[in-house]
Amino acid sequence: MPELPEVQTVVDTLKPRTLGQRIVSVLLNRSDVLTPHGFDLSGHLISRTVAAIDRRGKRIIFTLDNGNRFYIHLGMSGRLTIESPQTDLLKHTHLILEFKTFQIRFKDPRRFGGIWWLGSEEFADAKMGPEPLLIRPQQLAACLAKTRRPIKNALLDQTVIAGLGNIYVDESLFAAGIHPLTLANDISAEKVAQLTRAIKQTLRKALRHGGSTLRDYFDANGDAGKFQKLHAVYHRTAKKCRRCDSLIERIVLGGRSTHFCPSCQPH
DNA sequence: GTCCATGTTCTTTA
DNA sequence: CTAAAGAACATGGA
């Protein structure tokens, strides 16, 4: 759901309103969405200004003027929006960051997302794979050579590459002409290079269209993405392939629905 | 009422 | 021991 293009779009739409602004008050409606549990979040946020907002994988990292950091993960159904203080509070609004003239609200019905306080320590991303938009083909090849899982499962693993989810793995594999069941360590160097290009092209195109809105995703201004209209395979089961006349197929891999064109992505 | 959607973590299996 | 597969989580919509 929110994957790299959606998370980046949220960051891009948050920044113009938020950077340099001072946090006036903090309301945490559910303490269990915060890690570490029981941490005095408002005590550390009030009167601080937001110095930077960045993305790493699917995480939205806030840096304060004193160097402290925290990040928000949108999980499956999380939304971060800029709201007027007068706007009615929606159900499942877990956190409100109040600024002088507006609020940032974090709403997440399914609560797979949350807020993680990092403090001043070096960002703990040791377990995260490289950024898809920066990854080099040899880097991806080295990682894939070490695992015998189907490529679909490997690309969903955030320690292999950080930021892809179910939509963009399916779309990238289609763009690269690779069947999702292909074993990761069976893919030639040439094909991995093609896959690297396909991932970058797919993500950049999705970014240009503000990400994909299936149901829950909206950017910080409340606007939906448009890339779902251009999906080649995701959620297009039994529809005609856009490149040939075959019908898109759906299988389940790693407990996730997986869509592909049997002709364009031969096994 | 049942089933399905999915990102991540935890548990079980091989 | 490690790698991989599977279950669990939570809620709303079909």
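Here is how names work: the chains are called A, B, and so on, in the same order as the sequence lines, proteins then strands, and each is numbered from 1.
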Visitor: Is A/Q158 close enough to B/dG7 that one of its side-chain N or O atoms is under 4.0 Å from OP1 or OP2 there?
Guide: no
Visitor: Let me know the distance between CG of A/D170 and P of B/dG7, rounded to the nearest Å.
Guide: 11 Å
Visitor: Distance check: side-chain N/O of A/T147 vs OP1/OP2 of C/dA3, anything under 4.0 Å?
Guide: no
Visitor: If you compare all heavy atoms of A/V26 against all heavy atoms of A/S42, which two are closest, and at what distance to 0.1 Å?
Guide: CB-CB, 3.5 Å
Visitor: With the sugar-phosphate defined as primed atoms, P, OP1 and OP2, and the base as all remaining atoms, what B/S/- string results for nucleotides 5-13 of chain C, 5' to 3', for protein heavy atoms under 4.0 Å?
Guide: S--BBBBS-
Visitor: Under 4.0 Å between any heavy atoms, over every strand shown, what does A/Y234 touch: base, sugar-phosphate, or nothing? Just pick one.
Guide: sugar-phosphate
Visitor: Looking at A/D216 and A/R110, does any basic side-chain N land under 4.0 Å from a carboxylate oxygen?
Guide: yes
Visitor: Please report the distance, rounded to the nearest Å, between NZ in A/K152 and P in B/dG7.
Guide: 9 Å
Visitor: Calculate the interatomic distance between A/L214 atom CG and B/dG7 atom P; express it in whole Å.
Guide: 10 Å
Visitor: Mind checking whether A/H44 and A/F39 have ring centres under 6.0 Å apart?
Guide: yes
Visitor: Kindly say whether A/S212 contributes a backbone atom to a donor-acceptor pair with the side chain of A/Q228 at under 3.5 angstrom?
Guide: no
Visitor: Would a distance-only check, ignoring hydrogens and angles, find a side-chain to backbone donor-acceptor pair under 3.5 Å from A/T18 to A/K15?
Guide: no
Visitor: What is the distance, to the nearest angstrom, from the CZ atom on A/R59 to the P atom on B/dT8?
Guide: 8 Å
Visitor: Please state how far atom CG in A/D32 lies from atom C1' in B/dT9, giving the value in whole angstrom units.
Guide: 16 Å
Visitor: Check the distance between B/dG7's C1' and A/I115's CD1 and give it to me in whole angstrom.
Guide: 16 Å
Visitor: Please answer whether the main-chain N or O of A/L4 pairs with a side-chain N or O of A/Q8 as donor and acceptor at a distance below 3.5 Å.
Guide: no
Visitor: For the pair made of CG in A/L181 and P in C/dA4, what is the distance, rounded to whole Å?
Guide: 15 Å
Visitor: Judged by atom type as modelled, is there a donor-acceptor pair below 3.5 Å linking the side chain of A/T182 to the main-chain atoms of A/I178?
Guide: no
Visitor: Just the rounded figure in Å: distance from P of C/dT2 to NZ of A/K146.
Guide: 14 Å
